[in-house]
Amino acid sequence: MPVQDFEQLFQQKIDAEDKIEPKDWMPEAYRKTNIRQISQHAHSEIVGMLPEGNWISRAPSLKRKAILIAKVQDEAGHGLYLYSAAETLGMSRDEMINDLHSGKAKYSSIFNYPSLTWADMGAIGWLVDGAAILNQVMLCRTSYGPYARAMVRICKEESFHQRQGFETLLVLSRGTDEQKAMCQDSINRWWWPSLMMFGPKDSESTNSDQSMKWKIKRKTNDELRQNFIDMIAEQIKVLGMTLPDEKLKWNEEKKHYDFGEINWDEFWAVVKGNGPCNKQRLAARRKAHEEGQWVREAAMAFAEKRKLKTKAA
Amino acid sequence: MNSQLINYTLHLADTTLILSQRNSEWCGHGPVLEQDIAITNISLDLLGQSRNFYQYAAQLIGDTDENKLAYLRKEREFKNLLLVEQANGDWGQTILRQYLFSQFQYLLFEQLQNGNDEQLAAIAAKSIKETAYHVRWSSEWVIRLGDGTEESRSRMINAVDELWRYTGEMFLPAEYETLVDVSLLEKKWLDKVKEIFNEATLTVPENTFMQSGGKEGRHTEQLGFILTELQYMQRTYPGAEW
């Protein structure tokens, strides 16, 4: 069959909402886009452990410590499923990790912002996980089977994290004046970066059209961002806090919230490596990997020895 | 009698909390993702155990709670074993610390679950399943690294050299430690450790001078720093709820 026919069949399958599975024929660009996106997603989970891991040792109560440890551990688990999903497309975890460390592969820019106070553990859960969920709920229906299935598991845990984050802030919002101020400050710092998580405006997004056609993505950046704003603008009322946007206002005609201009210069600066923590995050990942080298080597050498012993016996 | 039981329960709580705190430093920094998850999981188990012990201690003391006991006691009041406050070092040192402790904790919980104090017996019975896993996981790593590469073996030899001196304290009963005679556990512990070390091609040191004092609140210099971080929030915002 000529390639065009394969492509046609492939698109028909997608249009019919059939999942694409690892052994199915797929256009090279589809494979590449999925590898890029899934590995980027996996890296985000792993790098995302750092800003929160940062507060494990200082969590303010034993219960909060337990919740936070469990949460960060969940992120590691998500990273694991996602690396496995990406591996089904023919790239090894080692290669993906090398691409992360060399700077070739990206991860979500949000994790290049610092977690400065305990309230950030709440704001990250509520806003960052909240923004991620909108994207991930959509991805539960993405066309590549292993990715969609990984997302179903991940979504369940993420929505739990978001509720935990909100509840962390709720306690602060009802606490002492210092706690209330800590809560508001944290929301102020995380609000705009979480809006940037949805990526550039549709008019500037390079990957969008083809990804929509292949049903890798099913909603545009701007649609998802608007959903998020509409959701958070309501939820913040429960906290009795405010979002740092003077232009945020319900638009009765559109049935959506209007909002102010995102600082795209900041967005691109962080993407290009100049966020407050880009350097530290990558350095921490590289350090863990380099310092783990001897451990991984020893584990392999040992497994090899055991194999020989079993053979001999 | 009651103050003995309180001190003993706090000793069990402090030991598990401090080891949990140490292990959790690995979260996000482990040598490979699966093991990052494993050590974090152990940290979480130990934290759960410590909360059970603190909650019981709080009940015995009255008018306090798990957080006050964990976050508002000072260096000289903490009764954890010296072994568990030692720095993580490299992965070899961390897993050896875990193994030496878990092997002991398993034998301890075996006794404690049949002991005279109903509540401690219940906590031990519940926790021993976790501890059995900790022993298995950490002993496998001791073997793997001891018998892995030349580098891993030499790192394990260093780790043994670093940590062995803190093991004697586990079997030296404190005045309040009357529920289980820990001195009787030493031989069994040593036999087990020898078995694992043997498989790992490591040697059990002899005639090591043993450090002690943790159970009575005389610690190494490491504990002050651990508490500084652990207790930061509760000390900075007295009385706040989180």
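Every chain is numbered from 1 and lettered A, B, ... according to where its sequence line falls, protein lines coming before strand lines. Please read all numbers here as calculations on a predicted model, not as lab measurements.
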* May I ask you to test the B:C27-A:M49 pair for a side-chain heavy-atom distance under 4.5 Å? => yes
* Structure fact -> One option among B:T149, B:T228, B:I37, B:V32 has the most heavy-atom pairs under 4.5 Å with chain A, and it is B:I37
* Enclosure of A:F160 CZ (heavy-atom neighbours >12, cutoff 6.0 Å) -> no
* Asked: Less than 4.5 Å apart, any side-chain heavy atom of B:T40 and any of A:I69?
  -> yes
* To do: Search all heavy atoms of B:W141 against all heavy atoms of A:A299 and return the closest pair with its distance.
  => CH2-CB, 4.3 Å
* Heavy-atom distances under 4.5 Å only: say whether A:Q179 touches chain B with side chain, backbone, both or neither. => side chain
* Note, B:D90 side chain near A:E291 side chain (heavy atom, < 4.5 Å) -> no
* Minimum side-chain heavy-atom gap B:L230-A:R58 below 4.5 Å -> no
* How about B:E229 and A:S57: does a side-chain donor come under 3.5 Å of a side-chain acceptor? -> yes
* **Largest heavy-atom contact set with chain B, pairs under 4.5 Å, which of A:E297, A:K305, A:M300** => A:K305
* To do: Among the options B:I143, B:I226, B:D36, B:L47, pick out the one with the most heavy-atom pairs lying under 4.5 Å from chain A.
  => B:L47
* **Best-contacting candidate, A:S61, A:G53, A:A76, A:G79, against chain B by heavy atom pairs under 4.5 angstrom** => A:S61
* Structure fact -> Honestly, the part of A:I97 sitting under 4.5 Å from a heavy atom of chain B is neither
* To do: Decide yes or no on salt bridge (Lys or Arg N to Asp or Glu O under 4.0 Å) for A:R296 and B:E151, but give the supporting numbers first.
  => CA-CA 12 Å; A:R296 296 190 298 274; B:E151 177 177 6; over 6 Å; no
* Step through the shown structure and confirm whether more than 12 heavy atoms of other residues, nucleotides or ligands are within 6.0 Å of NZ on B:K192. => no
* **Electrostatic pair B:E241:A:K63 at N-O distance under 4.0 angstrom** => no
* Asked: Checking B:R155 against chain A: side chain, backbone, both or neither under 4.5 Å from a heavy atom?
  -> side chain
* Asked: Is it true that atom CZ of B:R235 has more than 12 heavy atoms of other residues, nucleotides or ligands lying nearer than 6.0 Å?
  -> yes
* Asked: Is any side-chain heavy atom of A:F302 closer than 4.5 Å to a side-chain heavy atom of B:L145?
  -> no
* Measure distances from A:M121 to the heavy atoms of chain B and classify the residue's part below 4.5 Å as side chain, backbone, both or neither. => neither
* Side chain, backbone, both or neither: which part of B:D147 has an atom under 4.5 Å from a heavy atom of chain A? -> both
* Side chains of B:L33 and A:Y83: does their closest heavy-atom pair fall under 4.5 Å? -> yes
* Structure fact -> The interface call for B:L17 against chain A, heavy-atom contacts under 4.5 Å, is side chain
* Asked: Can a salt bridge be assigned to the pair B:E66 and A:K65 using a cut-off of 4.0 Å between side-chain N and carboxylate O?
  -> no
* Structure fact -> In A:I56, A:V72, A:L68, the residue satisfying side chain to side chain contact (heavy atoms under 4.5 Å, CB included) with B:S24 is A:I56
* Measure distances from A:L50 to the heavy atoms of chain B and classify the residue's part below 4.5 Å as side chain, backbone, both or neither. => side chain
* Winner by heavy-atom pair count (cut-off under 4.5 Å) against chain B, out of A:A298, A:P60, A:A59 -> A:P60
* Pick from A:R174, A:R285, A:R306, A:R93: which one has the most heavy-atom pairs with chain B under 4.5 Å? -> A:R93
* Structure fact -> Here the gap from A:L62 atom CG to B:Y54 atom OH, rounded to the nearest 0.5 Å, amounts to 7.0 Å
* To do: With the side chain counted from C-beta on, respond yes when B:W242 and A:T168 share a heavy-atom pair under 4.5 Å apart, and no when they do not.
  => no
* Asked: Which of the residues A:A301, A:A303, A:A288 is involved in the greatest number of heavy-atom pairs with chain B at under 4.5 angstrom?
  -> A:A288
* What part of B:W26 gets closer than 4.5 Å to chain A, counting heavy atoms only: side chain, backbone, both or neither? -> neither
